[in-house]
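Here the structure is laid out as structure tokens; the discussion comes afterwards.
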Amino acid sequence: MADPAPPAAPRSRFITACATVLATGFGSGYAPFAPGTAGSALGVLLFWPLQRLALAQQAALAAVLFLVGVAAASHVARRVGQEDPSIVVWDEVIGMWVSLLALPFRPWIVIFGFVLFRLLDVVKPYPARDFERLPGGWGIMVDDVMAGIYANLILRVGLLVWPLT
């Protein structure tokens with residue numbers, strides 16, 4: 001008679017731990033005040049070394065980590081029983097990356113990008129608010145990517161009018 005298969009609990013705990021670490025932005029989502037802002041700040045810090053990569057590499061990495069983030073955010077949201085828990089800030093990390101993609105990584109651009117992204121993430125202009133209704137991690141992540149797209153476009157227009165580089 002064969003031994004029964006080992007329980008799946010260790011694997012499940014590992015997946016939960018990995019999903020939690022990523023979805024909470026390495027713990028920045030547990031910030032006692034403004035966890036979304038903490039996640040956005042982490043996004044800037046993580047993007048800093050990536051800004052030296054070619055645009056295609058930046059975009060590919062952002063896309064892969066977006067998809068992983070959808071899975072992680074879904075897992076954590078299910079585990080805590082909330083549609084969009086405030087501890088999940090990986091959406092802010094990726095949204096911040098989108099805000100800065102293909103722009104010069106200069107202090108004023110980063111500051112304006114950060115402020116614009118936070119403002120647009122809170123206001124959620126159309127269709128960002130509608131994207132929140134997508135199921136699970138998709139709704140958590142996509143609205144922030146849309147806010148990042150808006151911030152990036154506004155920064156581009158601003159740089160045409162007031163070149164800061």
Side-chain angles (χ1 to χ4, degrees), residues 15-48 50-51 53 55-105 108-159:
I15 290 171
T16 295
C18 289
T20 302
V21 165
L22 185 72
T24 63
F26 306 102
S28 64
Y30 293 110
F33 178 74
T37 300
S40 298
L42 175 66
V44 170
L45 290 175
L46 293 176
F47 191 78
W48 193 342
L50 302 179
Q51 52 92 19
L53 299 175
L55 174 58
Q57 293 170 312
Q58 291 176 13
L61 186 58
V64 167
L65 290 176
F66 165 81
L67 293 172
V68 172
V70 168
S74 294
H75 187 89
V76 171
R78 250 189 333 270
R79 185 173 57 79
V80 301
Q82 297 175 13
E83 281 187 31
D84 190 354
S86 61
I87 62 170
V88 173
V89 296
W90 194 250
D91 50 334
E92 276 83 10
V93 170
I94 298 300
M96 195 65 237
W97 285 17
V98 171
S99 298
L100 299 173
L101 273 174
L103 291 168
F105 198 80
W108 287 108
I109 294 170
V110 172
I111 290 167
F112 284 135
F114 183 87
V115 170
L116 276 171
F117 173 69
R118 291 306 305 139
L119 176 67
L120 293 164
D121 186 30
V122 170
V123 173
K124 298 194 187 311
Y126 179 83
R129 183 153 320 274
D130 291 347
F131 288 147
E132 285 185 309
R133 290 185 231 141
L134 293 171
W138 292 102
I140 294 170
M141 297 287 296
V142 174
D143 69 303
D144 287 69
V145 168
M146 193 70 237
I149 290 169
Y150 285 144
N152 189 290
L153 293 173
I154 292 168
L155 283 168
R156 288 177 181 287
V157 170
L159 285 171

Tell me, with the steps shown, if Leu116 and Tyr150 meet side-chain contact (heavy atoms from CB on, under 4.5 Å). CA-CA 9 Å; Leu116 276 171; Tyr150 285 144; over 6 Å; no
Could you measure the distance from the [atom1] atom of [X] to the [atom2] atom of [Y]? Nearest 0.5 Å is fine.
X: Leu45; Y: Phe26; atom1: CG; atom2: CZ; answer: 11.5 Å
X: Asp130; Y: Lys124; atom1: CG; atom2: NZ; answer: 11.5 Å
X: Leu42; Y: Phe47; atom1: CG; atom2: CZ; answer: 13.5 Å

Counting heavy atoms not belonging to Gln82, are there more than 12 under 6.0 Å from its CD? yes
Taking all atoms of both residues into account, what is the closest heavy-atom pair of [X] and [Y], and its distance?
X: Pro35; Y: Gly29; answer: CB-O, 3.4 Å
X: Gly137; Y: Ser74; answer: N-OG, 2.7 Å
X: Ala72; Y: Leu22; answer: CB-CD2, 4.0 Å
X: Val88; Y: Ala73; answer: CG1-CB, 3.8 Å
X: Thr16; Y: His75; answer: OG1-NE2, 2.8 Å

Return a table of donor-acceptor pairs under 3.5 angstrom between the side chains of residues 91-105 and protein atoms on other chains or two or more places apart.
| unit_1 | atom_1 | unit_2 | atom_2 | d |
| --- | --- | --- | --- | --- |
| Trp97 | NE1 | Gly43 | O | 3.0 |
| Ser99 | OG | Gly95 | O | 3.0 |

Using modelled atom types and a 3.5 Å cut-off, is there a donor and acceptor pairing between side-chain atoms of Arg129 and backbone atoms of Asp143?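 Flag not set: sc Arg129 to bb Asp143 has no pair under 3.5 Å.
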Begin from the C-alpha positions of Ile87 and Val80 and carry the test side-chain contact (heavy atoms from CB on, under 4.5 Å) through to its verdict. CA-CA 10 Å; Ile87 62 170; Val80 301; 4.3 Å; yes
Starting from the C-alpha separation in whole Å, work towards a yes-or-no answer on side-chain contact (heavy atoms from CB on, under 4.5 Å) for Arg118 and Val115. CA-CA 5 Å; Arg118 291 306 305 139; Val115 170; 6.0 Å; no
Does [X] reach the side chain of [Y], with side-chain heavy atoms less than 4.5 Å apart?
X: Arg79; Y: Val76; value: yes
X: Leu65; Y: Trp90; value: yes
X: Val44; Y: Phe117; value: no
X: Asp144; Y: Phe131; value: no

